[in-house]
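Structure first, commentary second.
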Amino acid sequence: MNENIKFVQGNEACVEGALFAGLDFFAGYPITPSTEIAELLSIRLPQRGGKFIQMEDEIASMCAIIGASLTGSKVMTATSGPGFSLMQEALGYAIMAEIPCVIVNVQRGGPSTGIPTRVSQGDVNQARWGTHGDHAIVAITASNHQDVFETTVEAFNISETYRTPVILLYDEVIGHMRERLIVPKEGEVPSVKRLKTSVREGVDYHPYLPREDGRLPMSDFGGVHRYNVTGLFHDMWGFPSDNPKVVHDLLRHLVDKIHNNVNQITKYKSYYLDDAECILISYGSAARSALHVVDYLRPRGEKIGLLELQTLWPFPHSLISEKCRKAKYVIVVEMNMGQILKEVRIAVEEPEKIFLANRIDGVFITPMDIRNIMRLIQGKGV
Amino acid sequence: MAIKDYLRERFFPHLWCSGCGHGIVLNSLLRALADLGMSKNEIVMVSGIGCSSRISGYVDFHTLHTIHGRALAFATGVKLSRPELNLLVPMGDGDALAIGGNHFIHAARRNIDLTAIVMNNRIYGMTGGQYSPLSGQGIMATTAPYSNIDYDFDTVELAKAAGATFVARSTTYHTQQMTKMFRQAILHEGFAMVEILSQCPTYFGRKNRAGSAIDMMESYKENTTPIGSKSKMENPDLIERGIFVQKEVPEYCNEYDKIIEKAMKGR
Amino acid sequence: MAKPKLKEHIINSEWCKGCGICVHFCPKNVLEMDDEDSALAARPTDCICCKLCEIRCPDLAIEVILEKETE
């Protein structure tokens, strides 16, 4: 039997993806339902000379991966709700200092300790706006383990390409459910290497001066270029500045480098959208039930389709707008009180045709749940 | 001056107030590095937030100016990822022991090879003179207008209890001792903590009628004594200076290398 | 070992913030503050080249240059 075929948890698929992408360093703190990622990496990383460390809390974990990234390592941490809250300040630091890193949030129910062993998708807006100040962020997700693998690799690729933290927003069902994963062979999924500067020793290196293509080549700590990294607004050498033009230009750069590349970053899957009168929009584990509904109703003559989002942030407004133009109903399926629903309402021209099918009780939303809500929306009664 | 090669001179004069002890700490630290003949490319300085943290901007090393209290956590990531680098982690008293207290004890417990420097001026200077966990009872601060009721930490005792394998204390008056301590701390393989009593004439001095920077340095001379001295027995209120702990214990990164060896064999 | 011989005190008045630490702690009273609150080597012939002023200067503004060092 092919040893690349595995029957694994989603958390394990994430680990496989991270290792495939070249993960060198992981720092984390135990928290349900993400702990398996740390456990597995404590086994797997040293087997290939990588480093694993269990820090004293999630704040320290986030800080440690930023430090390690500056030495040229590919880095990741994994957590869940409360831990993700603790990471927000350092996440902002990684945005400001443009440090590539990947943060996995296997979502559970909140607020606070909430419902640790049950599913939720309640951290979508926290991923967007959890850290203070204007900024852009990339958050991506997946609904099955093959996609978890590829999305995890993609997270590393985006973080290296744009020198930005990337959030992998999985959820408890994805994290703990077991299904088949085929681990690709080397080279079958593209993996972006760290872009290193070609500036030689003794020549002035500007760590924060983008090239013409917008990318910022890095120089490892310990290398021949000594520069400053700070969470303060800074000039092209990394030194603090409160010059209004420097502040303005840096903030614009931090936001534009993501938002100007929405089309490059955005990944999604579409099912039967061409003639769909009813479009389900979903993501993560909820999209599994949504797809089931579509697969059930299509053969029964309903013109229904699914738009499965893999990129949540930056939000692909124009994609949503275009795909939903002809639909009579748009139903957002998610396990929160309508966090993506709000973005869809902004994107779609007739917001009155948009509805929410959700569960917020820690119970996974089933195809039957969605169909019951659809009957209500369509005036057929439950 | 040999130490000038370590400076980013274009940022001088520095932003610290006239008479601030932090400049003396910088001065002594650079002398220690020059004595050891360390090259700039092998040094990473990681600082947090506050007056103390600005030290990293003035030195021509790989410098990481991070967030409040977390310098040791960032430094742990740098060090474990690239153990051949020398990590210097200067922190303020609030930075290291209030918001960063957890990272302080855990870095000490792991015995990861880095040099933590606590520049203790017993006050939050950058924000205008609030009490810190090292201010102690009876101290006046902008947030203790009726005098402080908080007890203070003894940094040395805390570091010792947390497992630090090199623990030392000096003051900005005792510059030669300070420089020597920095040399020893940097050469020490494991977690080294050096506390330096460093005057803040602007806030601590003014709020507590401690006089000028000069008066405060004179008080370091008067109120401190070498470890185990006779005068300490006569006057227990004296603060001891010197090296309290210096022991060889397996270092964290070396231990992790053994884990890698084990894991690779087990495959 | 030969006694170190002073060549000069280099005082960077741009960096000096006039705290007076060097003046106060000089064992030979070599230094004083000038009219603009910057340190000044008023009696260089009394200097014993202990370099305490250089080492204690919080502004890194004083350098005691010895004859030997420049040779």
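All chains are named by letter (A, B, ...) in the order of the sequence lines, taking the proteins before the strands, and each is independently numbered beginning at 1.
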>> Aromatic contact between A:Y227 and B:H62, with the criterion being ring centroids under 6.0 Å apart: yes or no?
In response: no
>> Quick check on the interface: out of A:G50, A:S69, A:G223, who has the most heavy-atom pairs with chain B under 4.5 Å?
In response: A:G223
>> Let me confirm one number: the CZ-CG distance from B:R82 to A:D220, rounded to the nearest 0.5 Å.
In response: 6.0 Å
> If you tally heavy-atom pairs under 4.5 Å against chain A, which of B:H106, B:R8, B:H65, B:K79 wins?
Replying inline: B:H65
> Are a donor atom and an acceptor atom from the side chains of A:H225 and A:T197 found within less than 3.5 Å of each other?
Replying inline: no
> Listed by chain and number, what are the salt bridge (charged side-chain N to carboxylate O under 4.0 Å, His left out) partners of A:E98, not counting sequence neighbours?
Replying inline: A:K257
>> Return the CZ to CG distance between B:R110 and B:L72, rounded to the nearest 0.5 Å.
In response: 10.0 Å
> Most heavy-atom pairs under 4.5 angstrom with chain B, which of A:M55, A:E89, A:E56, A:K51?
Replying inline: A:E56
> At a heavy-atom separation under 4.5 Å, does A:A97 approach chain B through its side chain, its backbone, both, or neither?
Replying inline: neither
>> If you count heavy-atom pairs within less than 4.5 Å of chain A, which of B:N102, B:T66, B:L85, B:D60 leads?
In response: B:D60
>> In this structure, is the centre-to-centre distance between the rings of B:Y58 and B:F11 below 6.0 Å?
In response: no
> Under the criterion salt bridge (Lys or Arg N to Asp or Glu O under 4.0 Å), which of A:E16, A:E36, A:E39 is the partner of A:R44?
Replying inline: A:E16
>> If the contact rule is any heavy atom under 4.5 Å from chain A, which residues of residues 38-52 of chain B qualify, in numerical order?
In response: B:K40, B:N41, B:V44
>> So, taking the atom named CD1 in B:I112 and the one named OH in B:Y256, what distance separates them when rounded to the nearest 0.5 Å?
In response: 12.0 Å
>> As an exercise: rank A:G238, A:G231, A:G222, A:A27 by heavy-atom pairs under 4.5 Å with chain B and give me the winner.
In response: A:G222
> Charged N to carboxylate O under 4.0 angstrom, A:K74 versus A:D24?
Replying inline: no
> By a 4.5 Å heavy-atom criterion (distance strictly below it), what part of A:F239 contacts chain B: side chain, backbone, both, or neither?
Replying inline: side chain
> Picking from A:I59, A:I65, A:L70, A:I43, which has the most non-hydrogen pairs under 4.5 angstrom with chain B?
Replying inline: A:I59
>> Once rounded to the nearest 0.5 Å, what's the spacing between atom NZ of A:K193 and atom CG of A:N157?
In response: 11.0 Å
